[in-house]
Amino acid sequence: KAGVTQTPRYLIKTRGQQVTLSCSPISGHRSVSWYQQTPGQGLQFLFEYFSETQRNKGNFPGRFSGRQFSNSRSEMNVSTLELGDSALYLCASSPRTSSYAGELFFGEGSRLTVL
Amino acid sequence: AQTVTQSQPEMSVQEAETVTLSCTYDTSESDYYLFWYKQPPSRQMILVIRQEAYKQQNATENRFSVNFQKAAKSFSLKISDSQLGDAAMYFCAYRGSARQLTFGSGTQLTVLP
């Protein structure tokens, strides 16, 4: 079974640009979550999608947005990039969202560098 | 809001020895789950072990076990017979009714040959 796939793995942008990151969950998983990992702030929750609906959102500005498609694939977008947005963005999928016992399966992440 | 604290930024252990990583958390919820995740240099986060708060019995997965003290809000990870492949960043995480994972700051584990 293929794992969580994130693309691109690495990207470099300049301040003010926007970026879109993609995540394909494990087949059959309908819940997708996004996390930002930085040396200073650690791992922080961005948002969670289930059945194309945002179910939960972390404490990030409106420049951070996401969506989920009918095939459960998800994208996140960051507009008007700032230097502080440089981070590893991790996507995680799980088979359900009705219970919070379930394991999250993580992808390898997308490393964003903002110059 | 829930918080998770890992007070050991770095730990080292000799191969084949035992090491314990500490984690404390703060919550007002009674029903929640605790996790230890491992992030090797390849960056992919992997679940090591999971503990349900309502279970008094400590979880065990092969060489990995936890010491869960609910009243003290403590959740430590013990790695027995440490192997070189155990070297990684270890994150303690909490998941409650809000469903997202709240992570600690991590402990970098080095295994010495």
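Within every chain, numbering begins at 1; the chains are lettered A, B, ... in the order of the sequence lines, protein sequences first and strands thereafter. It should be emphasised that the depicted structure is a prediction, and the values quoted were computed from it without experimental measurement.
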Is [X] linked to [Y] within one hydrophobic cluster, defined over Ile, Leu, Val, Met, Phe, Trp and Tyr using a side-chain heavy-atom separation of less than 4.5 Å?
X	Y	result
Phe68(B)	Phe64(B)	yes
Tyr32(B)	Phe75(B)	yes
Leu11(A)	Val78(A)	yes
Leu112(A)	Leu21(A)	yes

Problem set entry | Options Phe47(A), Phe105(A), Tyr10(A), ranked by heavy-atom pairs under 4.5 Å with chain B, top entry |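 Option with the top pair count is Tyr10(A).
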Problem set entry | Residue part contacting chain B, namely of Gln37(A), when any heavy atom lies under 4.5 Å |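 The side chain, not the backbone.
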Problem set entry | Contacting region of Leu104(A) [heavy-atom separation from chain B under 4.5 Å] |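 For Leu104(A), backbone and side chain are both near chain B.
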Problem set entry | Atom NZ of Lys55(B): over 12 foreign heavy atoms under 6.0 Å |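 Counting other residues, nucleotides and ligands, NZ of Lys55(B) stays at 12 neighbours or fewer.
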Problem set entry | Lys70(B) atom NZ, neighbour heavy-atom count above 12 within 6.0 Å |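 Buried by this count: over 12 neighbours within 6.0 Å.
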Just how far is it from atom [atom1] of [X] to atom [atom2] of [Y], taken to the nearest 0.5 Å?
X	Y	atom1	atom2	result
Glu103(A)	Arg95(B)	CD	CZ	10.0 Å
Gln100(B)	Leu43(A)	CD	CG	12.5 Å
Met45(B)	Leu88(A)	CE	CG	8.0 Å

Problem set entry | Minimal non-hydrogen separation, Leu101(B) against Tyr35(A), with atom names |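 It is N-OH, 2.8 Å.
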